[in-house]
Asker: 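Got a structure here, written out as structure tokens. Questions coming.
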Amino acid sequence: MWRIWRRVGSLSPLFSSPKSSILRQDLIQAPYRLNFLGILSTENGTPATIGFFSKEKTPFIAFVLGGPGSGKGTQCAKIAEAFGFTHLSAGDLLRKEISSNSENGAMILATITEGKIVPSGVTIKLIRREMESIENNKFLIDGFPRSEENRIAFERITGVEPNIVLFFDCPEDEMVKRVLGRKQGRVDDNIDTIKKRLKVFAALNLPVINHYTRRGKVYKINAVGTIDEVFEKVRQVFDDCKQMIK
Ligand SMILES: Nc1ncnc2c1ncn2[C@@H]1O[C@H](COP(=O)(O)OP(=O)(O)O)[C@@H](O)[C@H]1O
Ligand SMILES: O=c1ccn([C@@H]2O[C@H](COP(=O)(O)OP(=O)(O)O)[C@@H](O)[C@H]2O)c(=O)[nH]1
Ligand SMILES: [Mg+2]
């Protein structure tokens, strides 16, 4: 039997505390800047209640999390097709940066090869670029945030939290088997890097899932089963959320 923890919270902007400010001003485009509270303000000092989005255009955001090989990408492709979401894979965006020889390419490649996490500013810039250029009001953000630092930076920069978080819960031995069978030529799909990624997932990504569980946003899905069996559970989540999805 599969089980889903189903609790959906309301979308609530997160206001930042000055002490924990890790936002980089260079991620904010003029005419916005940060005021002393870390809240976006316009150049004349008027508080701006938006990060990426105007109030009217705030999209429905689902973070899709789970360990390496848990099936995030596979299920996101199916959700995108069935429910009209745009699928943004943070890992794919980073890999695209490597192959486009961007200034950060070498650093990203080294980080991925080690199974570590790319600095938040770099990843958020890529996600932001996609969200701004795609006309859709429903986004799946796959494989991000991978740490509390990622999460806090995203919430502070965008001014929003995800509406829901899908967590694909998968035993480690199954994840290892799937990653080794993936055969996409990825530098990190080898047993040494997988072991490191599993450790990073447990140490840094589970706290993000715990945070959103406390916020009542996590749907935990048992990722064991065929792709279609898992998708039936996922479909139920999105059917249940239809009211929230504009
Ligand atoms: N439910 C499943 N059962 C067996 N294999 C799966 C399942 N879901 C995905 N896979 C396979 O496992 C590998 C990892 O899946 P992927 O979606 O890339 O995971 P993630 O994005 O979480 O790393 C892929 O080769 C994929 O085809
Ligand atoms: O927000 C992200 C997403 C990915 N990565 C890096 O990219 C790798 C591959 O991520 P992806 O989501 O593609 O891997 P998956 O979990 O799908 O196997 C990770 O191990 C990290 O090194 C990162 O640093 N930040
Ligand atoms: Mg993936």
Side-chain angles (χ1 to χ4, degrees), residues 2 61 63-81 87-99 104-131 139-155 157 162 165-206 208-209 221-235:
W2 51 270
I61 297 174
F63 284 160
V64 180
L65 302 177
S70 59
K72 301 181 293 296
T74 304
Q75 294 297 327
C76 281
K78 293 177 82 69
I79 301 164
E81 194 181 340
H87 173 200
L88 299 181
S89 157
D92 285 351
L93 293 175
L94 291 168
R95 284 184 284 274
K96 228 193 283 172
E97 271 304 275
I98 297 171
S99 40
N104 288 318
M107 177 276 291
I108 296 171
L109 175 61
T111 308
I112 288 180
T113 306
E114 275 303 301
K116 293 185 176 158
I117 297 172
V118 172
S120 300
V122 172
T123 314
I124 293 171
K125 236 180 211 172
L126 299 175
I127 294 172
R128 174 183 195 160
R129 199 197 286 162
E130 294 297 303
M131 293 185 88
F139 289 92
L140 301 169
I141 303 186
D142 161 10
F144 177 94
R146 265 182 143 88
S147 65
E148 280 286 272
E149 197 244 346
N150 275 177
R151 176 188 70 74
I152 291 163
F154 180 89
E155 290 182 348
I157 290 166
V165 177
L166 289 193
F167 166 37
F168 289 105
D169 187 27
C170 197
E172 287 199 355
D173 55 349
E174 178 67 19
M175 293 196 271
V176 172
K177 198 171 79 187
R178 289 185 190 175
V179 172
L180 291 177
R182 184 153 52 187
K183 309 274 186 263
Q184 290 176 351
R186 281 175 47 171
V187 290
D188 53 347
D189 282 355
N190 58 77
I191 191 64
D192 288 345
T193 312
I194 294 167
K195 282 183 187 160
K196 291 179 188 165
R197 288 159 70 198
L198 288 170
K199 280 193 184 144
V200 167
F201 173 72
L204 300 181
N205 212 175
L206 283 179
V208 175
I209 292 160
I221 293 172
N222 181 349
V224 179
T226 66
I227 291 171
D228 287 342
E229 282 167 352
V230 176
F231 186 62
E232 280 316 304
K233 305 169 203 174
V234 172
R235 184 196 293 284

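These numbers come from a predicted model, not from an experiment. For ligands, and for the atoms within them, numbers begin at 1 and follow the listed sequence. Along the sequence shown, residues carry numbers from 1.
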Asker: Does the pair Ile227 and Lys78 meet the rule for a side-chain contact (heavy atoms from CB on, under 4.5 Å), with working shown?
Answerer: CA-CA 10 Å; Ile227 291 171; Lys78 293 177 82 69; 3.7 Å; yes
Asker: Does some non-hydrogen atom of Arg186 fall short of 4.0 Å from ligand 2?
Answerer: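 Yes, Arg186 has a heavy atom closer than 4.0 Å to ligand 2.
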Asker: Tell me if the CD atom of Gln184 is crowded by more than 12 foreign heavy atoms within 6.0 Å.
Answerer: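 Yes, the 6.0 Å shell around CD holds more than 12 heavy atoms from other groups.
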Asker: Would you say ligand 2 has an N or O under 3.5 Å from any N or O of Arg197?
Answerer: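 Right, the criterion is met.
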Asker: Salt bridge check: are Asp189 and Arg197 linked by an N-O gap of less than 4.0 Å?
Answerer: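 Here Asp189 pairs with Arg197 in a salt bridge, since their nearest N and O are under 4.0 Å apart.
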Asker: Where's the contact between Thr123 and ligand 2, heavy-atom distance under 4.0 Å: side chain, backbone, both or neither?
Answerer: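 Side chain only.
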Asker: Out of Val200, Ile141, Ile112, Val179, whose heavy atom sits nearest atom 7 (O) of ligand 2?
Answerer: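 The option holding the nearest heavy atom is Ile112.
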Asker: What part of Arg182, side chain from CB on, backbone N/CA/C/O, both or neither, has a heavy atom under 4.0 Å from ligand 2?
Answerer: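 The answer is the side chain of Arg182.
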Asker: Out of Val118, Asn150, Leu94, whose heavy atom is nearest to atom 5 (N) of ligand 2?
Answerer: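 It is Leu94 that holds the nearest heavy atom.
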Asker: For Asn104 and Met107, indicate whether the former's side chain and the latter's backbone hold a donor-acceptor pair under 3.5 Å.
Answerer: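 Absent.
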Asker: Can a salt bridge be assigned to the pair Lys177 and Glu174 using a cut-off of 4.0 Å between side-chain N and carboxylate O?
Answerer: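 Here Lys177 pairs with Glu174 in a salt bridge, since their nearest N and O are under 4.0 Å apart.
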Asker: What atoms of ligand 2 come within less than 4.0 Å of a heavy atom belonging to Phe144?
Answerer: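 Per the distance check, 1 (O).
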Asker: When you look for heavy atoms under 4.0 Å from ligand 1, do you find them on the side chain of Thr226, its backbone, both, or neither?
Answerer: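 Thr226 to ligand 1: backbone contact only, side chain stays beyond 4.0 Å.
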Asker: Specify side chain, backbone, both or neither for Lys116, according to which of its non-hydrogen atoms lie closer than 4.0 Å to ligand 2.
Answerer: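 The answer is the backbone.
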Asker: Hey, looking at atom 19 (O) of ligand 1, which of Gly67, Gly71, Ala77 has the closest heavy atom?
Answerer: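 Shortest heavy-atom distance from atom 19 (O) of ligand 1: Gly71.
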Asker: Can Val176 and Leu198 be said to form a side-chain contact (heavy atoms from CB on, under 4.5 Å), step by step?
Answerer: CA-CA 9 Å; Val176 172; Leu198 288 170; 3.8 Å; yes
Asker: Is there a donor-acceptor contact under 3.5 Å from the side chain of Arg182 to the main chain of Gly69?
Answerer: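 Checked: no pair found.
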Asker: Looking at non-hydrogen atoms alone, which of Arg186, Arg182, Arg178, Arg197 comes nearest to atom 12 (O) of ligand 1?
Answerer: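 Considering heavy atoms of Arg186, Arg182, Arg178, Arg197, the nearest to atom 12 (O) of ligand 1 sits in Arg178.
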Asker: Between Asp188 and Lys196, does at least one N-O distance fall below 4.0 Å, as a salt bridge requires?
Answerer: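 No, Asp188 and Lys196 are not salt-bridged.
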Asker: Identify the closest protein heavy atom to atom 1 (N) of ligand 1: which residue and atom is it, and at what distance?
Answerer: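 Sorting protein heavy atoms by distance from atom 1 (N) of ligand 1 puts Gly225 O, 2.8 Å first.
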Asker: Does Lys72 reach ligand 2 with a nitrogen or oxygen that is under 3.5 Å from one of the ligand's nitrogen or oxygen atoms?
Answerer: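 Yes, Lys72 has an N/O under 3.5 Å of an N/O on ligand 2.
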Asker: What residue and heavy atom of the protein are closest to atom 21 (O) of ligand 1, and at what distance?
Answerer: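 Answer, as residue, atom name and distance: Gly73 N, 3.0 Å.
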Asker: Can you list the steps and then say if Phe63 with Phe154 is a ring-ring contact (aromatic ring centres under 6.0 Å, His included)?
Answerer: CA-CA 11 Å; Phe63 284 160; Phe154 180 89; 5.3 Å; yes
Asker: Of Ile227, Leu180, Val179, which has the heavy atom at the shortest distance from atom 7 (C) of ligand 1?
Answerer: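 It is Ile227 whose heavy atom sits nearest to atom 7 (C) of ligand 1.
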Asker: Please list the nearest protein heavy atom to atom 17 (O) of ligand 1 with its residue and the distance rounded to 0.1 Å.
Answerer: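 Looking only at protein heavy atoms, the one closest to atom 17 (O) of ligand 1 is Thr74 OG1, 2.5 Å.
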Asker: Name the one of Leu109, Thr111, Ile108 that satisfies side-chain contact (heavy atoms from CB on, under 4.5 Å) with Leu94?
Answerer: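 One option only clears the test, and that one is Ile108.
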